[in-house]
Structures are given as structure tokens and as C-alpha cells.
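One structure is given here, and the rest of the page talks about it.
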Amino acid sequence: AEDTLDLEAIRNALESSVVRRRTELRPAKRQFQEHGALRAAMTGSGSAVFGLFSQRRTAREAARAMSLTGWTVIETSTVDRTRLRPLAVT
């Protein structure tokens with residue numbers, strides 16, 4: 001069976017309390033969503049916000065638009081488990 005990503009399962013228990021103190025995180029998350037992210041969330045304790053996109057072109061357009069508004073945006077891609085498994089140390 002193919003592995004699929006449950007977007008609703010992407011949650012950060014710290015996000016609601018951190019966003020109350022670090023209000024600049026809210027517009028970053030909102031901008032990802034406005035630019036087509038399937039999901040936007042805060043990493044760990046709030047050092048970054050990320051957006052997940054299904055299309056590379058949409059991600060690039062979002063990165064370009066967000067960087068024009070002053071955000072530092074780094075475009076990356078995910079690695080699926082079949083490509084990662086051979087790298088695992090056994």
C-alpha cells in the first residue's frame with residue numbers, strides 16, 4: 001500500500017500558546033495558506049513556519065510572493081520513505 005500523508009494529523013501542541021506571544025507567526029501561516037499551501041504550521045517551538053504544497057510551481061510562486069513581503073523563504077522538498085529507507089542505519 002502507498003504511504004499517504006494525513007494533513008489533519010500535522011499538529012503542533014505548542015502552536016496556539018506560542019502564536020499568542022509571537023504574533024508575527026500568524027501572518028506567515030496565513031500567507032502560506034493564501035498562496036495555496038495544503039497545510040501551514042509552526043515548527044517545534046516556533047523558529048519557523050512551513051507550508052506544504054502539492055505542486056512545485058505553486059510552492060515557488062508562494063516563496064517568491066512571500067519573499068517580496070519581507071519573509072525569508074527557503075524552498076525544499078520532502079523525501080518519501082522508499083527513497084529514505086536505503087539510508088537507514090541498521
Side-chain angles (χ1 to χ4, degrees):
E2 185 178 322
D3 290 331
T4 58
L5 179 61
D6 178 6
L7 294 173
E8 294 304 314
I10 299 173
R11 302 216 183 275
N12 183 334
L14 296 174
E15 189 168 321
S16 61
S17 59
V18 171
V19 168
R20 280 194 294 272
R21 291 190 173 116
R22 302 277 316 275
T23 56
E24 68 274 13
L25 297 175
R26 196 173 294 130
K29 185 175 172 179
R30 184 174 51 249
Q31 282 188 29
F32 272 121
Q33 293 166 331
E34 289 171 353
H35 287 92
L38 301 174
R39 188 77 166 153
M42 179 186 87
T43 63
S45 59
S47 62
V49 174
F50 65 91
L52 295 175
F53 296 83
S54 63
Q55 301 292 319
R56 185 178 304 237
R57 187 186 84 229
T58 308
R60 284 201 174 126
E61 290 169 358
R64 193 172 305 117
M66 290 179 70
S67 61
L68 290 174
T69 62
W71 295 107
T72 299
V73 181
I74 300 169
E75 183 185 337
T76 64
S77 60
T78 58
V79 178
D80 65 43
R81 290 183 179 156
T82 57
R83 289 177 48 204
L84 188 60
R85 227 174 252 124
L87 304 175
V89 177
T90 55

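- Residue K29 holds its NZ atom at 6.5 Å from CZ of R39, rounded to the nearest 0.5 Å.
- Residues L38 and M66 fall into different hydrophobic clusters, defined by Ile, Leu, Val, Met, Phe, Trp and Tyr side chains chained together at heavy-atom separations under 4.5 Å.
- For the atom pair E61 CD and Q55 CD, the distance stands at 10.5 Å (nearest 0.5 Å).
- The number of heavy-atom neighbours closer than 6.0 Å to CD1 of I74, taken from other residues, nucleotides and ligands shown, is 12 or below.
- Here the closest non-hydrogen pair linking A37 and G51 is CB-CA, 4.1 Å.
- A donor-acceptor pair is defined here as one N or O able to donate and one able to accept, closer than 3.5 Å; such a pair exists between the side chain of T43 and the backbone of A48.
- Atoms CZ and CZ, from F53 and F32 in turn, are 6.0 Å apart once rounded to the nearest 0.5 Å.
- How far CZ of R22 is from OG of S47: 9.0 Å, rounded to the nearest 0.5 Å.
- The cluster map of Ile, Leu, Val, Met, Phe, Trp and Tyr, joined by side-chain heavy atoms under 4.5 Å apart, puts L14 and V49 in the same cluster.
- Of the inter-residue distances, the one linking Q31 atom CD with Q33 atom CD reads 11.0 Å to the nearest 0.5 angstrom.
- Side-chain N or O atoms of E15 include one that pairs as donor or acceptor with a backbone N or O of M42 at under 3.5 Å.
- No path of Ile, Leu, Val, Met, Phe, Trp and Tyr side chains, each step under 4.5 Å between heavy atoms, connects L52 with L25, placing them in separate hydrophobic clusters.
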